[in-house]
Amino acid sequence: MNDLQQSLVDSLRERFGDSVEEVREFRDDVIVVVTRQAVVDVATWLRDNEHCPFPLCEDVFGIDAWTRKQRFEVNYHFFSLQCKQRIHLKVRLEESDPAVPSITGVYPGANWYERETFDMYGITFPGHPDLRRAYMPEDFEYYPLRKDFPLMGIPGSLPLPKRG
Amino acid sequence: MIDKKPATDFFDAPVIIDGLPPKEKRSKLLQALLDMDPDVSFEDPLENDMVLNMGPSHPATHGVLRILLRLDGETIISAMPELGYLHRGYEKIAENETYHEFITHTDRLDYLQPLHNNVAYILAVEKLLGIEAPPRAQYMRTLLSELARISSHLVGFGVMAMDVGAMTLLLWCFREREKVHDIFDLVVGARFTTSFTRIGGMGQDITDEGLAAIRAFIEQFPERLDEGERLLNRNRIFFDRCRHTGVISAEQALAIGFTGPNLRASGVPLDLRRDAPYLVYDQMDFDVITETEGDSLARYYVRLREMKESVKIVHQCLEKIPQGPVHAHEPKKVLPRKERIYTRMEELIHDFMIINDGVDPPSGEVYHAIESSKGQLGFHIVSRGEGHPWRIKIRSPSFCNLQALPMLLKGHLLSDILAVLGSLDPVMGEADK
């Protein structure tokens, strides 16, 4: 962890206390795991802090960890133009209640990313202005990137046009 | 039964549009379009607004983009892009293949610059594995990436010019692009779907013949580019259609998630080649091109001038490219050479293991992004220590850039869609994944 990442993590810990569940490091990338209640506040702070602001939300996406506890994860990448630094936030979710508050109020660009996450994993984002499916048809019943969705698809789930 | 009432005042009365199905029967897409807050008001020539479906199969949508438009006469009140017509589920496919097998799929993401995708993906995999390609391979990647950028930008602004009526430039651009593809044919062995990178190296070394071809191309290219520029820069129609069209400010562009030439056209000098250097870009001397207007014309200028910077980088690469191997010496991670597989036992075993089980990366998550010609192209790889990834997320720039379309189109005329869409330069293969 370089000095900048260290100071960022320290100020996140200081500011949000127990909301920061875990900090991990792998190949010089820092992953900060936060609780889902705190994610909007953390995003707002990251965007607005004076020391190292992160004005660009690069990506929001889901991961199916396929574990009994906290099956789903939602990940966020933010980039700081001033410090040339990237930060990776992670929120872990229970399978029974896969919902994270939307950060579209903070980063309008997260709109389509969250739609894509919803489309692929069925994770909902309360507060999202327009949570439709991004890629799959509107009447599609499944969430294709979940690990229990087979690679070959489910027969009959995408009806083909009738022949002549 | 469709109820019909004239919409006298747009803001007071609920808008009822002739010919639309009742509310409960509308699709979510249509409802989202109708629910959009139309904060532009105009004289109402037809006393009715109209819903028009553009695409998904429309020559100017650069593939299969569908845009649902709500029009007031010819003025766009709101627009809703709809994606997914080219969704092939590459992220799902990736979870079921080894790291090497997925390289071929990256070609099909942004099909105008397959080499960039190869490089972006392989850099993420190499970051995960903790290995680095030898210098000659790094230079080759830089060199070929810049050629791919030239080829992609040529299509980008050639097609944009065609969309607004300047057909000649497209043909000239394709003539130059053909030369780039001939170089790829010579160096890679394939013109289009290159799949040229390997973990820890390249498919094969670049020959002197290949380098000479690149040198020959790059020496005549600036002149050809100037010809094209002269054709367009004094074209009144092109100027009038592109200037002040699809304007986006720097703050808006950042907030909506623009990257690449589109962001730089609004005056934000973000270029990962300089800001988060990868490959050998830190040893290259080039300028980050920015414009301040943020309209379609500025985006065209940024692409045009970026190609000249690419020429500079290619020249430097050709000067500096060192001799040496193009494969890292990492026997359990890098595919061995064919002649060694046939003659040595160790290499045969490693080849067998890498092909069948895949390389064995550590568990962890990495994200690596490069500056592709469309913007920031990143791959996020989640590994669980298996030969195939647990999850790959493709951060495709076209997807994020298209997101701004409703904002850019609002208040413009129907025909401006072409100028705006062309200047954003989306590729649906990448946006739909």
Side-chain angles (χ1 to χ4, degrees), chain A residues 24-29 31 47 53-66 73 75 77 79-86 88 90 104 106-113 115-117 119-120 129-140 144-147 149-153, chain B residues 27-29 31-32 35-36 80-87 89 91-93 95-96 127-130 251-259 263 268-270 272 274-277 362-369 376 378 380 382 384 390-391 393-395 399-400 402-404 407 431-433:
Chain A
R24 277 193 292 159
E25 198 195 355
F26 184 70
R27 305 268 188 240
D28 303 330
D29 286 354
I31 304 173
R47 187 193 63 180
F54 288 82
L56 182 65
C57 173
E58 290 179 335
D59 213 346
V60 179
F61 60 98
I63 294 176
D64 184 355
W66 197 239
E73 293 172 357
N75 297 267
H77 283 298
F79 190 78
S80 168
L81 281 74
Q82 193 181 316
C83 319
K84 323 285 185 210
Q85 190 65 49
R86 191 171 278 126
H88 177 182
K90 189 189 276 288
T104 44
V106 190
Y107 293 96
N111 186 324
W112 278 24
Y113 308 136
R115 271 182 60 194
E116 190 195 343
T117 313
D119 189 8
M120 292 295 141
D130 177 24
L131 199 64
R132 284 179 291 123
R133 282 186 173 266
Y135 293 135
M136 304 307 289
E138 279 169 12
D139 52 356
F140 194 66
L145 270 181
R146 288 188 174 185
K147 288 282 176 185
F149 187 84
L151 178 66
M152 298 303 291
Chain B
S27 72
K28 282 186 194 163
L29 172 66
Q31 194 55 47
D35 289 345
M36 271 178 97
M80 265 288 165
E82 172 80 345
L83 280 74
Y85 289 89
L86 203 58
H87 179 62
E91 291 175 353
K92 185 82 179 173
I93 292 172
E95 292 169 9
N96 295 278
K127 185 176 177 185
L128 173 70
L129 291 170
E251 291 76 31
Q252 284 173 321
L254 265 178
I256 207 75
F258 263 14
T259 46
L263 180 62
V268 183
L270 171 66
L272 292 183
R274 195 197 56 188
D275 293 338
S363 302
E365 292 185 38
V366 290
Y367 177 71
H368 191 276
Q376 193 190 118
H380 185 100
V382 181
R384 295 213 162 168
W390 181 259
R391 165 91 163 106
K393 172 67 172 60
I394 304 156
R395 195 271 180 204
F399 181 71
C400 318
L402 273 176
Q403 194 173 188
M407 198 162 90
D432 282 354
K433 288 183 272 207

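Protein chains get the first letters and strands the later ones, always in sequence-line order, with residue 1 at the start of each.
With a 4.5 angstrom heavy-atom cutoff, B:Phe258 touches chain A only via backbone atoms. Looking at A:Asp119, neither its backbone nor its side chain comes within 4.5 Å of chain B, counting heavy atoms on both sides. Proximity to chain A (any heavy atom under 4.5 Å) is restricted, for B:Glu82, to the side chain, taken from C-beta onward. For chain B, the nearby parts of A:Arg27 are the backbone and the side chain; heavy atoms of each come within less than 4.5 Å. For B:Met80, the part sitting under 4.5 Å from any heavy atom of chain A is the side chain, from C-beta outward, and nothing else. For chain A, the nearby parts of B:Pro81 are the backbone and the side chain; heavy atoms of each come within less than 4.5 Å. Both the backbone and the side chain of B:Asp275 come within less than 4.5 Å of a heavy atom of chain A. Heavy-atom distances place no part of B:Ala253 under 4.5 Å from chain A, backbone and side chain included. For B:Val382, the part lying near chain A is the side chain, with the backbone staying farther off; criterion is any non-hydrogen pair under 4.5 Å. In this structure, chain A has no heavy atom under 4.5 Å from any part of B:Leu263. Heavy atoms closer than 4.5 Å to chain B are found in the side chain of A:Leu81, but not in its backbone. Contact annotation for A:Pro55: both backbone and side-chain heavy atoms come within less than 4.5 Å of a heavy atom of chain B. The contact between B:Glu365 and chain A is made by backbone and side chain atoms together, counting heavy-atom distances below 4.5 Å. Looking at A:Asn111, the atoms closer than 4.5 Å to chain B (heavy atoms on both sides) sit in the backbone and in the side chain alike. Residue contact with chain B, scored on non-hydrogen atoms closer than 4.5 Å, involves the side chain of A:Phe79 exclusively.
Across A:Ala65 and B:Trp390, no two heavy atoms sit closer than the pair O-CZ2, 3.6 Å. Closest of all the heavy-atom pairs between A:Arg146 and B:Lys92 is O-NZ, 3.0 Å. For B:Gln403 against A:Pro108, the heavy-atom pair with the smallest separation is OE1-O, 3.8 Å. What you find for B:Pro362 and A:Phe26 is that their closest heavy atoms are CG-CZ, 3.9 Å. For the pair A:Glu138 and B:Leu29, the tightest heavy-atom approach, listed with the atom from each and the gap, is OE2-N, 2.7 Å.
Residue with the most contacts toward chain A among B:Ala276, B:Pro269, B:Gly130: B:Gly130 (heavy-atom pairs, distance under 4.5 Å). By number of non-hydrogen pairs under 4.5 angstrom with chain B, the leading residue of A:Pro129, A:Ala110, A:Ala134 is A:Ala134. Contact count versus chain B (heavy atoms, under 4.5 Å) is highest, among A:Gln85, A:Met136, A:Arg86, for A:Arg86. Note: A:Lys90 leads A:Arg47, A:Met120, A:Lys90, A:Arg133 in heavy-atom pairs under 4.5 Å with chain B. For the options B:Leu129, B:Leu86, B:Val268, B:Ile93, heavy-atom pairs under 4.5 Å to chain A are most numerous at B:Leu129. The candidate with the highest count of non-hydrogen atom pairs below 4.5 Å against chain A, out of B:Glu251, B:Glu91, B:Gln31, is B:Glu91. Note on A:Val106, A:Leu151, A:Asp64: by heavy-atom pairs under 4.5 Å with chain B, the leading option is A:Leu151.
Salt-bridge check for B:Arg391 with A:Glu73: failed, with every basic side-chain N at 4.0 Å or more from each acidic carboxylate O.
Centroid-to-centroid, the aromatic rings of A:His88 and B:Tyr367 stay 6.0 Å apart or farther.
Separation of atoms SG (A:Cys57) and CD1 (B:Ile256) is listed at 11.0 Å; rounding is to 0.5 Å.
More than 12 heavy atoms of other residues, nucleotides or ligands lie within 6.0 Å of NZ in A:Lys147, so this atom counts as buried by the packing criterion. For CG of B:Asn96, the number of neighbouring non-hydrogen atoms (other residues, nucleotides, ligands) closer than 6.0 Å is greater than 12.
Side-chain atoms of A:Glu58 and B:Gln376, non-hydrogen and from C-beta on, do get closer than 4.5 Å to each other. Using a 4.5 Å heavy-atom threshold, the side chains of A:Leu56 and B:Thr259 count as touching.
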Derivation of the side-chain contact (heavy atoms from CB on, under 4.5 Å) call for A:Asn75 and B:Lys393: CA-CA 10 Å; A:Asn75 297 267; B:Lys393 172 67 172 60; over 6 Å; no
